[in-house]
Amino acid sequence: MELRKSYFADQRKDDLHEIGQPRPRSDSPGHVTGKTTYFADRNFPGMLHLKMVRSPHHHARIRSIDTSEAEKHPGVVKVLTAKDVPHNVYTILILIQIGPEDETVLADGKVRWKGEAVVAVLAETERAAQEAAAKVKVDYEVLPAVFDMEEALKPDAPIVNEYHGRNYYLYDSGECRKVRFGDVEAGFATADHVLEQTYQSSPIEHAPTETTGCIVAPEGNDRFTCYTNTQAMFFTLDNASIILQMPGNKLHFVGGTVGGGFGGKVDVIVEPIAILGAKLTGRPVCFVYSREEEMQISSPRAAEKVVIKDGVMNDGRIVARKVTGYTDAGAYSRHSPYGAQKGAGHYPGPYTIPNVWIDTYCVYTNRTPSSAMRGFGVTIGDFALEVQMDKLARLIGMDPLEFRFINAYRDGDMKAHRQPTEGAALIECMQEASRAANWPVAEKFMTMSSYAKGA
Amino acid sequence: MAIRRGRGVAAINYPTGMNLGGDPTQALVHSTPTGNFMVTLSSVDLGQGMKQIMAQICAETIGVPTDRVVVDTADTDTGPHCMGTFASRGTHRAGNAVIQAAREARQVMLEVAAEELEVNASDLETDGEGNILVKGAPQRSISIFDVALSAHFKRGRSISGRGMFLIPRSYPEKETGAMKPSTCYAHACTVAEVEVDDETGEVTVLTVKNVFEIGRALNPKMVEQQLVGGSWMGISHALYETTEPYYPNRDHGGTDFNQYLMPGPGDLAQTEIIVLERPSADGPYGAKGPGEMCANPQIPAVANAVFDAVGVRIDTLPITPERILRALKAQAPN
């Protein structure tokens with residue numbers, strides 16, 4: 001790695017003692033010698049293991065659940081169903097007033113995705129819990145499922161989630177988050193070329209080294225200590241408090257070094273049910289995802305569809321950009337309404353375009369709920385935007401890097417969401433990339449600056 | 001049939017912190033009797049090294065070496081509220097809270113030192129090595145060790161401070177979408193060079209040259225580890241990863257690392273990282289959040305390089321050999 005100190009030197013005082021120093025990490029020796037403690041390194045006498053009975057269907061009504069054989073299985077201590085969960089229907093962003101509550105801790109009457117948790121089995125060993133889970137009998141009536149976002153948005157599509165009553169999230173702005181800036185149709189009318197393209201992604205797994213999990217220990221003082229690898233301590237504690245209808249002061253959450261998160265550990269999934277198990281049995285409870293659960297049950301990055309329509313001039317200026325983004329939330333909201341909205345604030349990318357129209361939709365389908373992941377709401381959008389930029393450059397016969405210089409935002413430029421640009425540095429990154437990659441561009445681009453014109 | 005070479009470019013920006021703000025983080029700082037400093041948080045270290053960065057920020061602000069600072073975090077009985085470690089917010093939000101707490105503690109420390117040295121606190125400065133000196137007369141000094149002992153046992157002062165950082169929440173205007181998603185943005189430009197085998201559809205990423213602008217590299221070695229890891233993840237997203245290979249068909253999802261493919265050590269591209277620093281107006285010592293954005297530009301850069309190599313556009317991620325071969329077949333004259 002090289003630090004290029006020549007850029008923005010006038011905005012920086014390099015007079016610090018500790019900041020800017022490549023100090024060795026204090027936690028590295030522990031990591032490389034295996035001494036770092038993770039939540040799963042704790043072991044308590046009498047600890048129970050929790051395994052989930054999961055839906056084999058994408059969409060089904062539950063006619064009945066029979067846990068009698070599972071309860072008789074040797075080693076089983078407790079079997080939990082929806083009626084055991086005090087506040088079973090929840091949503092995590094309710095803490096920042098983003099509802100409605102639309103998800104069940106344990107399925108109640110219906111399952112909406114293949115893998116949804118239906119019954120929790122607590123046993124003396126992992127093996128006993130797994131074997132007993134296989135003995136739980138659930139009678140399902142399979143319902144039609146919808147997997148394609150376009151199909152889900154059709155009026156006659158099966159309703160994925162009755163708590164929404166429609167297969168998209170309803171924002172205060174309506175069926176999508178909107179950004180309107182200038183007159184996009186007038187922009188297309190004046191453009192030398194108009195190009196509309198569709199981009200698509202598929203769900204992606206966070207693949208942390210350490211799978212999602214927690215261990216809960218009941219304390220002598222009527223409190224519960226939850227050792228967890230969540231990325232958000234109080235967010236998880238407060239949501240657990242709501243789900244369990246248990247005062248927050250009864251809960252003590254202890255984290256520590258996490259073996260990779262990437263956004264996959266900000267849903268509140270394992271902690272509430274493990275605390276409930278510890279409360280109802282009076283014994284420590286361990287609930288850790290298997291690798292298969294981490295890959296197919298825990299929330300992935302959402303699949304997205306992005307439609308971009310651009311009007312471009314022969315001289316390289318983009319004069320209008322319309323983006324329609326669809327985020328596949330799966331069966332429940334989790335963080336997806338927030339992610340889709342984040343996309344609306346991110347488009348049209350780091351470029352100054354006078355006419356912009358953005359619609360971003362959060363769509364429900366019968367698949368594993370998606371949620372946050374590194375680059376949430378932006379990563380797939382950037383793929384679409386930057387491939388589109390390449391196509392536009394080639395369409396008008398211009399070098400792709402020079403084309404970006406022409407449209408790059410600079411300090412003071414008004415963004416589509418009506419914030420003036422501050423602290424821009426796209427131009428300088430491209431100048432350095434031009435040098436590093438030996439990708440020459442015209443001299444006028446190498447002397448440009450992100451600072452406001454005339455400043 | 002041949003191995004064809006191509007290159008592609010992409011340029012991006014990325015917001016720091018939870019979108020639209022409203023995401024608080026608090027910090028507490030106090031001294032031990034012998035002048036070491038404790039930072040207390042409830043933020044989570046995901047393995048990226050957050051504790052180390054918070055220690056350096058606290059040390060810089062108080063004016064002591066980093067090894068005099070201990071970070072206690074991720075315990076809800078002791079640590080004040082942090083919204084969590086996500087959205088490239090850890091360094092920016094918690095770092096600002098630590099600076100505020102450390103400034104308050106530093107002020108008490110200087111007041112105690114001033115009483116010991118019989119000068120005004122405003123006439124004192126730290127040397128960054130554990131001592132407090134009178135400005136312009138450095139021979140008049142006292143160690144922070146002695147200041148802490150004095151505060152605890154003689155003067156009855158608590159060398160401590162409280163810190164809080166909150167960007168007020170922005171609510172998007174319904175019709176126009178007017179909003180403030182973020183207060184600062186990191187930037188990147190990546191050039192990727194690939195080889196595509198037009199017989200097998202396999203892509204080999206030869207080189208990635210990444211230029212990142214991240215506000216301030218608070219610890220350059222740690223910045224490097226995060227940016228190199230992110231660059232690898234971007235390539236992995238571009239060419240390998242999905243839990244639903246035939247989305248929206250729900251079948252064929254991988255359940256372990258034999259089925260869910262990622263590039264191994266033999267597939268690593270030659271990776272170059274160049275860092276620019278344009279300090280952000282509201283970042284701790286100018287830092288922005290580079291944690292997420294560093295994995296984004298490689299994806300379109302690789303996609304554009306594949307087109308440059310073989311002349312087909314794969315607009316669906318991941319760009320698998322199967323998709324490339326199908327596109328080549330569709331393009332070929334019958």
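- Salt bridge absent: B:Glu173 and A:Arg418 never bring a charged side-chain N and a carboxylate O closer than 4.0 Å.
- Using a 4.5 Å cut-off between heavy atoms, A:Val266 touches chain B through its side chain atoms alone.
- A:Phe403 meets the ring-ring contact (aromatic ring centres under 6.0 Å, His included) test with no other residue; sequence neighbours excluded.
- Residue B:Asp282: no heavy atom, backbone or side chain, is found under 4.5 Å from chain A.
- Both the backbone and the side chain of B:Pro172 come within less than 4.5 Å of a heavy atom of chain A.
- Counted by atom type alone, A:Gln11 and B:Arg278 present one or more donor-acceptor pairs between their side chains at under 3.5 Å.
- With rounding to the nearest 0.5 Å, the separation of CE in A:Met233 from CE in B:Met83 is 14.5 Å.
- Proximity to chain A is absent for every atom of B:Cys184, based on heavy atoms less than 4.5 angstrom apart.
- Partners of B:Phe257 under the ring-ring contact (aromatic ring centres under 6.0 Å, His included) rule, at least two apart in sequence or in another chain, do not exist in this structure.
- Heavy atoms of A:Thr230 lying under 4.5 Å from chain B belong exclusively to its backbone.
- Relative orientation of the A:Tyr409 and B:His187 rings is perpendicular, given thresholds of 30° and 60° on the angle between their planes.
- Heavy-atom distances place the side chain of A:Arg177, and not its backbone, under 4.5 Å from chain B.
- The pair B:Asp315-A:Lys305 fails the salt-bridge criterion, with no side-chain N (NZ, NE, NH1 or NH2) lying under 4.0 Å from an Asp/Glu carboxylate O.
- Salt bridge A:Arg12/B:Glu277: present, at least one basic N to carboxylate O contact under 4.0 Å.
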